[in-house]
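First the structure, in the form of structure tokens, and then the observations on it.
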Amino acid sequence: MLDLKLIRDDPARVRAGLARRGADGDLDELIAVDSEARSLRGEVEEAKAERKRLSKQIGQMRGKGEDSREVEEAAKRLGDSASHGEARLKGIERRRAEMLLALPNLAEDAAPEGGEDDAVVLREVGEPPRFAFEIRDHVEIGEALGIIDLERAAKVSGARFAYLMGGLVRLQLAVVTFALDRLENAGFTPVIPPVLVRESAMVGTGFFPADRASIYETAADDLFLVGTSEVPLAGLHQEEIVHADVLPLRYAGVSTCFRREAGAAGKDTRGIFRVHQFDKVEMFSFTTPEASADEHQLILGMEEDILQALEIPYRVVDIPIGDLGASAARKFDCEAWMPGQQRYREVTSCSNCTDYQARRLKARFRGSRGTQMLHTLNGTAVALARTLIAIIENHQREDGSVAVPEVLRPFGAPAELAAG
RNA sequence: GGAGAGGUGUCCGAGCGGUCUAAGGAGCGCGACUGGAAAUCGCGUAGGCGGGUUUCCCGCCUCGAGGGUUCAAAUCCCUCCCUCUCCGCCA
């Protein structure tokens with residue numbers, strides 16, 4: 001969430017920032033509620049301070065055996081009026097917190113204006129392959145090779161689920177260990193986190209209230225299935241104050257991700273491009289405010305490094321303000337060339353959330369300037385379903401088999417995906 | 001799932017209705033001693049919120065979370081969460 005102090009001290013700047021995202025609607029009401037809360041708080045605190053003084057006096061009088069009944073009555077009256085005001089204050093402050101929680105992060109100045117269609121292509125890397133035969137997409141190839149089974153998955157679990165089988169399983173596991181290997185070399189600690197989390201973790205990472213509809217919820221236990229390991233990784237240091245000298249803290253989460261894809265009905269229905277369940281290796285960093293912009297570039301660099309090693313043509317896009325998640329101040333996506341769709345599609349994404357998540361999570365550090373909020377950043381190292389599509393489609397051969405990138409061989413990948 | 005014990009500041013830990021304005025220790029910071037260092041000694045050191053005469057001062061809140069009792073709660077009561085021990089079950 002945003003810093004309430006910043007909203008008070010520089011409302012014009014916050015208003016302008018929110019207006020860029022089209023989210024400045026409730027700011028005036030928030031400011032009004034805040035000022036009401038503060039003046040009421042002043043009154044309540046004054047009453048409590050006086051009551052406290054009287055209580056102390058009662059203790060002393062009793063110690064001396066004096067009659068303290070009159071003071072007790074005065075203290076009680078003050079206490080009653082304080083708790084009355086406090087009850088009212090609680091309602092006002094809850095309202096304030098709700099409104100504050102609903103505001104998205106302010107975008108970096110450099111983030112492009114506009115919505116989904118205004119993404120700025122920063123660079124294209126690698127050439128889309130040319131095939132001397134008719135291109136097949138991953139569904140045709142996968143079904144023919146018996147490594148992707150969508151029909152049976154639909155019987156068992158419904159639409160947007162898949163069985164991955166045979167050589168594709170080995171390939172996926174190799175991609176995971178390959179990515180982990182690179183990340184570990186760059187200082188990321190591998191983590192297998194819990195994928196069922198509490199509501200507080202969803203609120204802390206900014207997925208609630210904004211994206212609640214896209215999250216699976218367990219009926220009996222008030223737990224939520226994470227759509228990304230960003231959630232449990234961000235929560236790793238919630239309510240902690242770490243020492244500045246341990247920063248940056250870098251983690252590489254390996255987990256299954258669950259997404260309801262509500263609102264995506266009819267979109268990307270073919271194959272395993274948009275599924276309810278997939279595995280992902282996610283980078284997550286905690287840094288100082290000064291270091292977060294560089295860390296963002298480092299994370300983006302890791303993503304590109306991996307795509308290049310996997311010989312997947314891609315482009316990098318700078319995501320416009322209107323398409324940022326609530327927590328993000330800046331976001332870059334890597335889009336891989338998908339021969340089956342004849343266009344670039346998102347395979348990884350990295351966001352700098354500045355102090356927005358950290359403030360919700362109370363994740364702080366102690367440095368030379370006292371205690372400050374951390375900055376948090378996240379980025380996809382590899383999202384399995386989509387990375388598998390990119391590998392299959394870009395490395396397909398005329399006979400229907402698929403060449404496997406050389407870098408994956410030491411990690412247990414098969415030499416090729418082929419029939420038989 | 002059953003029985004028991006416990007959650008206190010950056011960390012460890014005492015306190016179990018009224019000088020708690022939370023002891024003591026560790027760590028960290030500053031200083032003294034030293035050629036330098038260690039050891040030792042001295043001083044300082046939680047967070048949040050609000051206010052002010054804004055290198056500082058004052059107030060309120062926070063002892064797992066939320067309620068309650070009381071003039072007064074870390075301390076008593078209720079609910080919930082978490083951790084540990086033993087038993088049961090279990091990949």
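- At the heavy-atom level, A/Leu54 lies nowhere under 4.0 Å from the strands shown.
- Here the two rings, on A/Phe224 and A/Phe208, have centers that are under 6.0 Å apart.
- Picking from B/A72, B/G59, B/G48 the nucleotide with the shortest atom distance to the side chain of A/Ser55 gives B/A72.
- Side-chain nitrogen and oxygen atoms of A/Lys76 include none within less than 4.0 Å of the OP1 or OP2 phosphate oxygen of B/A72.
- Side-chain nitrogen and oxygen atoms of A/Arg38 include at least one within less than 4.0 Å of the OP1 or OP2 phosphate oxygen of B/G51.
- One C1' atom belongs to B/G15, the other to B/A3, and the distance between them is 28 Å to the nearest Å.
- One finds no side-chain N or O of A/Arg41 lying less than 4.0 angstrom from the OP1 or OP2 phosphate oxygen of B/G59.
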Original post:
side-chain contact (heavy atoms from CB on, under 4.5 Å) between A/Ile306 and A/Phe178: does it pass, once the steps are laid out?
Top reply: CA-CA 9 Å; A/Ile306 289 168; A/Phe178 158 74; 3.9 Å; yes
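- Look at the P atom in both B/A38 and B/A23: the space between them is 28 Å, to the nearest Å.
- The A/Ala75 side chain lies nearest to B/C71 when the options are B/U21, B/C49, B/C71.
- None of A/Thr354, A/Asp355, A/Asn352, A/Thr376 except one satisfies the side-chain hydrogen bond (donor to acceptor under 3.5 Å, both in side chains) rule with A/Ser292; the exception is A/Asn352.
- Of the candidate nucleotides B/G51, B/G66, B/C60, B/C60 has the atom lying nearest to any side-chain atom of A/Lys48.
- Nucleotide B/G47 holds its C1' atom 15 Å from the CD atom of A/Glu240, rounded to whole Å.
- Comparing the same atom, P, in B/A37 and in B/G31 gives a spacing of 11 Å after rounding to whole Å.
- Rounded to the nearest Å, the gap between the C1' atom of B/A73 and that of B/A22 is 13 Å.
- Toward the 5' end of RNA chain B, the nearer of the two residues A/Glu72 and A/Asp3, judged by each one's closest nucleotide, is A/Asp3.
- Across all strands shown, A/Lys52 has heavy atoms under 4.0 Å from sugar-phosphate atoms exclusively, and none from any base.
- There is no side-chain donor-acceptor pair under 3.5 Å between A/Ser327 and A/Asn105.
- Side-chain contact check for A/Thr228 and A/Lys280: at least one donor-acceptor pair (N or O, by modelled atom type) lies under 3.5 Å.
- For A/Phe273 and A/His138, the ring centers sit 6.0 Å or farther from each other.
- Remark: the A/Glu45 side chain and the B/G59 base include a donor-acceptor N/O pair separated by less than 3.5 Å.
- Look at the P atom in both B/G64 and B/A14: the space between them is 14 Å, to the nearest Å.
- Regarding A/Leu4, its CG atom lies at a distance of 14 Å from the P atom of B/G48, rounded to whole Å.
- An OP1 or OP2 oxygen of B/C82 is reached within less than 4.0 angstrom by a side-chain nitrogen or oxygen of A/Arg198.
- With the nearest nucleotide of RNA chain B identified for both A/Glu73 and A/Glu46, A/Glu46 has the one nearer the 5' end.
- The CD-P distance, from A/Glu239 to B/G9, rounds to 12 Å in whole Å.
- In this structure, the CZ atom of A/Arg69 is 18 Å from the P atom of B/U70, given to the nearest Å.
- A/Thr287 and A/Glu295 form no side-chain donor-acceptor contact under 3.5 Å, judged by distance and modelled atom types alone.
- Regarding A/Ile241, its CD1 atom lies at a distance of 7 Å from the P atom of B/G48, rounded to whole Å.
- Separating the C1' atom of B/G18 from that of B/U75 is a span of 11 Å, rounded to the nearest Å.
- Atom C1' of B/G24 sits at a distance of 22 Å from the matching atom of B/U62, rounded to the whole Å.
- A/Leu89 places its CG atom 19 Å from the P atom of B/G48, with the value rounded to the nearest Å.
- Within the structure, every side-chain polar atom (N or O) of A/Lys56 is placed at least 4.0 Å from both OP1 and OP2 of B/C20.
- Protein atom CZ of A/Arg51 is 5 Å distant from nucleotide atom P of B/A72, rounded to whole Å.
- Separating the CG atom of A/Leu6 from the P atom of B/C49 is a distance of 13 Å, rounded to the nearest angstrom.
- Taking the C1' atoms as reference points, B/G25 lies 8 Å from B/G13, given to the whole Å.
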